[in-house]
Number of protein chains: 2
Amino acid sequence: MALGKDYLGQDCSLSRALELLGERWTLLVVQNALYGVRRFNDFQVRLDIPKAVLSDRLVRLTEGGVLEKRQYQASPPRFEYLLTDAGVELWPVVYALSVWSHRHIGGEPPRLFRHADCRTKLLPTGDCPECGPVAAGDVEMYPGPGPKRDDPVSRAMNRPRRLLEPVVPEPA
Amino acid sequence: MALGKDYLGQDCSLSRALELLGERWTLLVVQNALYGVRRFNDFQVRLDIPKAVLSDRLVRLTEGGVLEKRQYQASPPRFEYLLTDAGVELWPVVYALSVWSHRHIGGEPPRLFRHADCRTKLLPTGDCPECGPVAAGDVEMYPGPGPKRDDPVSRAMNRPRRLLEPVVPEPA
DNA sequence: TCCCTAGGTTCATTGAACGAACCTAGGAGT
DNA sequence: ACTCCTAGGTTCGTTCAATGAACCTAGGGA
């Protein structure tokens, strides 16, 4: 975002959220973290995002308390980025915006979401019509009618799976 | 957003929403439209946004079906921008993100929101804990503890008022 | 005649996004 | 012993959106 990613003169909570989440690519990174993507190269392959931008976004999300960087292997040192509790709480926002997009912009959704316990499709709020509020970890993602990207990470997401369950792409 | 405001290679609904709503300032324009701001100069005064950017965002939101441009006076010709039904349906997204920001980033909210009928504070989803789903027009906005901007448009928003009710700033 | 208002447009400057190239350290293959 | 591969980045020149000050236009009011 050119010349100032901040909104200094604003008085609302939304502007503070947008300083952290409103930059290009940022919310897509969070969405894919909810889908189970954890590693730098997996984000990069799935999003086709310039590495320098991805690096910046991961740092900012980590500093902002949305992600946590963890070493998952000592030698050679390798890292993954996990959503914090605050990050997981962005699920309703991401889902509501996706539903809005499908309703008002159009396009077939490549992935659908239901309550894992009762298999009921979620309301736009992310709640289950039968059971009420649903934790993000109890949401099951399964393939929808829309076209899907063809890369190893996206392919690994085609099996029905819960949110936050780590994506393990097959090696090429 | 530099070099491409689009996300062409993406397969998700969210990326299509972000092509329309994800640029700098855009969601703040929608938020203020929900708060009752309708006129070019009122958006400009309240947001301190460069006029060229505001002009671009209003055109894009209008083309995208979020706003509708209407002439409210013939001579001299004057215009206002009203939210469409699709635009009003962004209220839960805007509200959920504001609540997230207050919970996880902090800061006092300058405005609070309750169900106008029963005066109960809304859930983060925008629903009323007592009555269930609430239409945006039945949400009442009232001043909260946080600091407020001091401009004629922001001052006009300090009286308790329903969402979408037109803001009428006092002339300076 | 002059100024004011609403609703913009024009333009030079700045700095974020892009993407290709490069880097580093540890295994793995031959 | 040497080379390749992988994960996880960094560097850097190019492109283009954001900024803000100046300007524009048409009608009304003093």
Side-chain angles (χ1 to χ4, degrees), chain A residues 1-10 15 18-19 22-29 37-62 67 69-81 152-153 166-172, chain B residues 1-10 15 18-19 22-29 37-62 67 69-81 152-153 166-172:
Chain A
M1 228 155 271
L3 278 181
K5 42 193 100 194
D6 48 18
Y7 298 96
L8 276 174
Q10 301 311 308
S15 63
L18 291 177
E19 289 179 359
E23 291 178 283
R24 183 159 163 76
W25 295 111
T26 303
L27 210 55
L28 292 176
V29 169
V37 178
R38 297 183 166 193
R39 300 185 186 178
F40 188 96
N41 274 289
D42 290 349
F43 283 109
Q44 209 272 315
V45 164
R46 162 108 172 108
L47 288 173
D48 272 333
I49 174 178
K51 289 175 163 197
V53 176
L54 176 57
S55 179
D56 176 80
R57 297 303 183 269
L58 291 172
V59 168
R60 286 178 54 72
L61 285 170
T62 303
L67 296 177
K69 183 174 184 173
R70 267 202 357 189
Q71 189 163 337
Y72 67 85
Q73 159 182 311
S75 174
R78 293 288 183 261
F79 304 94
E80 63 187 356
Y81 296 87
V153 181
V167 165
V168 183
E170 294 171 24
Chain B
M1 224 156 275
L3 277 181
K5 40 193 100 194
D6 49 18
Y7 298 97
L8 276 173
Q10 301 311 306
S15 63
L18 291 177
E19 289 179 358
E23 290 177 284
R24 184 158 161 75
W25 295 111
T26 302
L27 210 55
L28 292 176
V29 169
V37 177
R38 297 183 165 193
R39 300 186 185 177
F40 189 95
N41 274 290
D42 290 348
F43 283 110
Q44 209 271 317
V45 164
R46 162 107 173 109
L47 288 172
D48 272 334
I49 175 178
K51 290 175 163 198
V53 176
L54 176 57
S55 179
D56 176 79
R57 296 303 185 270
L58 291 172
V59 167
R60 284 178 56 71
L61 285 170
T62 302
L67 296 177
K69 183 174 184 173
R70 267 202 356 189
Q71 189 163 338
Y72 67 85
Q73 160 181 312
S75 175
R78 293 288 183 261
F79 304 93
E80 63 186 357
Y81 296 86
V153 181
V167 165
V168 182
E170 294 170 24

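Per chain, numbering begins at 1; letters A, B, ... match sequence-line order.
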Q. Does Ser55(B) put a side-chain nitrogen or oxygen below 4.0 Å from OP1 or OP2 of dT9(C)?
A. yes
Distance to the ring centre below 6.0 angstrom and angle to the axis at most 45 degrees; does that hold for Arg78(B) and Phe40(B)? no
Which of Arg39(B), Gln73(B), Arg70(B) passes side-chain hydrogen bond (donor to acceptor under 3.5 Å, both in side chains) with Glu80(B)? It is Arg70(B)
Separation of dG9(D) atom P from Leu58(A) atom CG, nearest Å, is 7 Å
Under a 4.0 Å heavy-atom criterion, the protein footprint on nucleotides 25-30 of chain C, written with B, S and -, is -SS---
| query | Is it true that a side-chain atom of Tyr7(A) and a backbone atom of Arg24(B) form a donor plus acceptor pair closer than 3.5 Å? | reply | no
To the nearest angstrom, the CZ-P distance between Arg24(B) and dT14(C) comes to 17 Å
- Message: Within the structure provided, determine whether Arg60(A) and Lys5(A) are in side-chain contact (heavy-atom separation under 4.5 Å).
- Response: yes
*asked:* Ring of Tyr72(B), cation from Arg38(B) - is the NZ or CZ under 6.0 Å from the centre and inside 45° of the axis?
replied: no
Margin query: Under 4.0 Å from OP1 or OP2 of dA18(D): is there any side-chain N or O of Lys5(B) that close?
Written below: no
Within the pair Tyr81(A) and dG9(D), is there a side-chain N or O less than 4.0 Å away from OP1 or OP2? yes
DNA chain D nearest-nucleotide lookup for Tyr72(A) and Asp56(B): closer to the 5′ end is Tyr72(A)
Kindly say if Trp25(A) contacts the phosphate of dA16(C), meaning a side-chain N or O under 4.0 Å from OP1 or OP2.
-> no
Whole-Å distance, Leu54(B) CG to dG8(C) P, equals 8 Å
| Ring-face cation contact, Phe43(A) with Arg57(A), 6.0 Å cut, 45° max | no
Pick out the pairs of N or O atoms, protein on one side and nucleotides 20-22 of chain D on the other, that lie under 3.5 Å.
none

In whole angstroms, the gap separating P of dG8(C) from CD of Gln73(B) amounts to 13 Å
Exercise. Val53(A) near the nucleic acid: base, sugar-phosphate alone, or nothing, with a heavy-atom cut-off under 4.0 Å?
Worked result: sugar-phosphate
